Structures are given as structure tokens and as C-alpha cells.
Number of protein chains: 2
Amino acid sequence: MNDKSASKSASHDLDGNATRERILLEAARLFRQHGYAATTLREVADAAGVKAGSIYYHFESKEQILGEVLDKGIKIVYETVRARIDALPKDAPWRDRIAAGIEGHLWGMLHHGDFTSANMRIYGQIPESAKAKHRVVRREYADYWDHLLQSALAAGELRTDASTTIIRLFVIGALNWTVEWYNPQRGSFQDFARQISVVVFDGILAHQESN
Amino acid sequence: MNDKSASKSASHDLDGNATRERILLEAARLFRQHGYAATTLREVADAAGVKAGSIYYHFESKEQILGEVLDKGIKIVYETVRARIDALPKDAPWRDRIAAGIEGHLWGMLHHGDFTSANMRIYGQIPESAKAKHRVVRREYADYWDHLLQSALAAGELRTDASTTIIRLFVIGALNWTVEWYNPQRGSFQDFARQISVVVFDGILAHQESN
DNA sequence: GTCTATATCAGGATAGAC
DNA sequence: GTCTATCCTGATATAGAC
């Protein structure tokens with residue numbers, strides 16, 4: 001944020017923390033694009049504008065970078081979702097809460113695509129040690145949605161002929177995958193989110209007459 | 001199929017083609033589990049019960065194995081879908097055709113999970129040369145669904161306030177992702193497919209009264 | 001805090017025996 | 001058709017100068 005460092009030689013950096021964030025961002029982008037194993041720290045370093053050796057000043061290992069990228073992917077989305085739902089009136093119907101959740105999930109995800117897509121793509125492929133550490137964050141977010149859906153079910157707003165677990169897995173999976181094909185050139189984000197929401201809520205079929 | 005080879009030394013195999021298929025299957029499994037780059041040909045060879053050098057008798061390169069695994073992932077699903085839909089009466093409503101397509105897609109995918117999941121997981125991460133060759137097969141399958149949905153739309157059976165392209169991408173993506181979390185212990189495949197279908201057709205909300 | 005080395009190890013691919 | 005042995009390249013991580 002402040003660039004007024006006084007007397008440092010040109011080969012030294014001004015803000016070490018900015019470098020760290022840049023490394024994380026470029027790592028996420030490259031993990032997404034080429035996978036975890038295929039991404040070399042040399043590439044990450046190049047993209048972040050440092051030399052490979054310098055990465056080890058900020059991180060202990062490649063796996064530590066992985067862990068931070070994964071956590072960030074979920075947390076960004078989770079926080080957006082919670083913020084939107086908390087902003088609703090206390091007595092808002094569950095349908096409105098779920099709608100806010102869907103919109104928040106899509107928004108958080110599509111605005112930090114490298115972190116969220118990297119998470120989706122590589123989670124299935126990383127060493128068990130990395131998965132285990134990351135699992136806590138994942139579980140929390142899943143529980144949040146489970147609670148939301150079960151409350152809607154108890155209030156009679158959700159269909160009863162499909163299990164809430166399957167609904168959660170199916171819907172969140174479907175939302176997540178949009179990051180792989182969403183194209184902002186097809187229309188505004190708002191219109192995109194609206195189309196996704198109506199399909200999730202009411203399905204793909206034409207209705208005899210909608211009220 | 002026939003095991004009556006007469007006089008071959010123990011270190012030689014009986015059926016070269018079976019070895020080739022085994023290599024493909026194990027490659028798919030390992031690509032799915034660890035990614036393309038992280039999977040070594042030594043691992044594939046071990047899993048297939050041969051030595052690393054032997055792979056090069058059956059395949060020219062690692063990338064050729066990749067190509068065959070990817071194509072197989074789509075083709076298995078495509079063929080199942082087409083077979084189910086072709087088996088319907090000629091005048092079947094589009095809703096029934098789409099239902100058969102959904103069930104066929106799920107069935108083909110979940111019964112060849114290593115090929116289909118490997119495809120989903122690694123397609124975004126492989127070299128452009130491999131993507132380009134595989135794109136033809138992908139495009140064909142997408143076109144097939146586009147045609148299905150556009151016919152349903154023309155017949156007034158599909159909702160009109162969401163684009164068919166978005167519906168296709170969203171629904172196929174959602175179906176695909178089930179391979180990442182489907183658990184046969186939660187119930188029969190038939191019941192699973194039914195739950196997915198009602199959600200796709202009619203959404204997650206409770207209906208005032210269903211007819 | 002970043003650099004230039006470099007130690008160490010592992011993977012794709014090939015050659016040639018059997 | 002499968003094996004053993006090896007070439008060659010490139011990756012993580014470390015050491016120590018600046």
C-alpha cells in the first residue's frame with residue numbers, strides 16, 4: 001500500500017508480504033492450469049517475478065504453498081456466502097436464504113477463479129497429508145449448507161423425495177463446475193446467476209403455468 | 001479369452017492385447033488418482049504387472065496413453081446415452097428422451113469411473129496438443145445434447161427463461177461431478193438416478209401440489 | 001529479502017538381450 | 001512381447017554470497 005521505502009538497493013524488494021501474496025496467486029493460477037505436480041517452483045517464481053530460491057524465504061515447501069492455496073479457495077467462497085445470508089432479514093424464508101447462498105457461492109467463486117478452480121481440480125490428486133489438513137475447512141462449509149437445507153426441509157420448503165445430502169452434493173457440485181465453463185461474454189453475472197437459480201429451484205422443464 | 005498357449009516361457013505373455021488393455025485401465029486409475037504429470041510410467045507398469053520398458057511395445061509415448069484414456073472416457077458415456085435413447089419409441093416425448101439420457105450418462109459414467117473421472121480431472125491440465133486431438137470427441141457429445149435440448153425447447157417442453165447452452169453446461173457438469181461423490185452404499189443406482197432426475201427436471205423446492 | 005550456485009534424485013524414453 | 005540397463009533432462013531443496 002505504501003511505496004515510500006527510502007534507501008534500498010534495486011535488487012532488494014520493498015514489501016516482502018506483497019511478494020508472498022504474488023507467489024500464492026501465481027501458484028494458484030499454475031496449479032489450476034497444469035496441476036500440482038506438473039507445476040514447478042521455477043515457473044511460480046518466474047510468474048511472481050522472483051528467482052526460484054527466493055520462494056524458500058516465504059514458504060517452507062511446495063506443499064505448504066499448496067495448503068494455503070487450497071484453504072483460500074474454500075474460505076473466499078464461504079465468507080461471501082455467509083455475508084450475503086447474514087445480510088438478510090432475520091425472518092427471511094429459507095428459499096431466499098438459499099438463493100443468497102447460491103448467488104454468493106457463484107460470485108465468490110467466479111471472482112477468485114484461480115483459487116477455486118485450482119481447489120476443485122487438484123484436490124483429488126494431492127498427497128493424503130495435504131488432503132487431511134485441508135479437510136477441516138471443507139467439512140465446515142459442507143456443514144453450513146447441510147444446516148441451511150435441513151432447515152428449509154423442516155419448514156416444508158424443500159422437496160422430500162430426494163435426500164438433503166444428495167441435494168447438497170449435487171447442487172454444490174453443479175455450482176462449482178460452472179467455474180470451468182462460465183464465460184462473462186455471454187452476459188452479465190447477474191443474469192447468469194438468475195438463470196442458474198431458476199434451474200436449481202424449479203428445474204429445466206417448462207411449467208404448465210408459473211405463478 | 002483362450003489360455004491354451006502351448007510352449008512359451010514363463011516370462012512371456014499369452015495375450016499382448018490383454019496387456020495393452022490392462023495398461024490403459026491402470027493408467028486411467030492412476031491419472032484419476034494422482035494426475036497426469038504425477039503418474040509415472042513405472043507406476044503404470046507396476047500396476048499392470050509389466051516392466052516400464054514394455055509399455056513402449058504397446059504405446060509410442062505417455063501422451064498416446066493419455067489420448068486413449070481421454071477418448072474412452074467420453075465414448076463410453078456417449079454410447080450408453082445413445083443406446084438408451086435409441087431404444088425408446090419413435091414418438092417418445094422429449095422429456096422421456098432426456099430422462100433416458102440422464103440415466104444413461106450416469107450409468108456409463110459410474111460404471112467406468114476411472115476413465116470418466118480421469119477425463120474430468122485432468123482435461124484442464126494437459127498439454128494443448130493432447131487437448132486439441134481430444135476436442136473432436138467432446139464436441140460431438142456436446143452437440144448431441146444440444147440437439148436434444150433444442151428439440152425439447154421447440155416442442156415447448158423446456159423452460160424458456162434460461163439458455164439451452166447454459167442448461168446443457170450446467171446439467172452435464174452437475175451429472176459429471178457425481179462421479180466424484182457417488183457412493184453406492186447410500187442406496188441403489190436406480191434410486192440415485194431417480195433422485196437426480198427429479199431434481200434436474202423439477203428443482204429442489206417443494207411443489208404446492210404435484211400432479 | 002533476494003540472488004547464484006549446486007547436491008541429489010527421479011522420470012521419459014531407448015537399445016539390445018532373451 | 002517382455003526384460004534389464006542406461007542416457008539425459010529437469011525438479012526440489014539447500015548453502016552461502018550480497
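Worth knowing before you read on, the calculation uses all heavy atoms, side chains too, and leaves out hydrogens, waters and symmetry mates. Just so it is clear: chains get the letters A, B, ... in the order the sequence lines come, proteins before strands, and each one is counted from 1. All of these numbers come straight from a predicted model, not from anything done at the bench.
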Query raised in the report: Looking at D:dT14, D:dT2, C:dG1, which one has an atom nearest to any side-chain atom of A:Tyr57?
Result: C:dG1
Report task. Let me know the distance between CD of B:Glu63 and P of C:dG11, rounded to the nearest Å. Result -> 19 Å
Query - Trace of the salt bridge (Lys or Arg N to Asp or Glu O under 4.0 Å) decision for B:Asp114 with B:Lys72 - result: CA-CA 10 Å; B:Asp114 287 332; B:Lys72 211 162 173 171; over 6 Å; no
Requested in this report: For B:Lys131, look at atom NZ and say whether over 12 heavy atoms of other residues, nucleotides or ligands are found less than 6.0 Å away.
Outcome: yes
**Report entry** Any B:Thr19 side-chain N or O less than 4.0 Å from OP1/OP2 of D:dT2
**Finding:** yes
Query raised in the report: Nearest-Å distance, OH (B:Tyr56) to P (D:dT2)?
Result: 16 Å
Query raised in the report: Which sits closer to the 5' end of DNA chain D, A:Ser61 or B:Gly49, going by the nucleotide each is nearest to?
Result: B:Gly49
Query raised in the report: Which whole-number value in Å describes the distance from A:His58 NE2 to C:dC3 C1'?
Result: 12 Å
Requested in this report: Can you tell me the distance, in whole Å, between the CZ atom of A:Phe59 and the C1' atom of C:dT2?
Outcome: 15 Å
Query raised in the report: Taking B:Glu26 for the side chain and B:Ala48 for the main chain, is one N or O donor matched with an acceptor at less than 3.5 Å?
Result: no
**Report entry** Cationic tip of B:Arg186 above B:Phe192 ring, under 6.0 Å, 45° of axis
**Finding:** no
Query raised in the report: Considering the options B:Arg32, B:His112, B:Arg121, which one meets the side chain to side chain contact (heavy atoms under 4.5 Å, CB included) requirement together with B:Val179?
Result: B:Arg32
Query raised in the report: Is the backbone of B:Asp161 close enough, under 3.5 Å, to the side chain of A:Arg194 for a donor and an acceptor to pair up by distance?
Result: yes
**Report entry** Spacing of B:Asn17 atom CG relative to D:dG1 atom P, expressed in whole Å
**Finding:** 10 Å
Report task. Can you tell me the distance, in whole Å, between the CG atom of B:Leu66 and the C1' atom of C:dG11? Result -> 16 Å
Requested in this report: Classify every nucleotide of nucleotides 4-11 of chain D by which part a protein heavy atom approaches to under 4.0 Å, writing B for the base, S for the sugar-phosphate alone and - for neither, in 5'-to-3' order.
Outcome: B------B
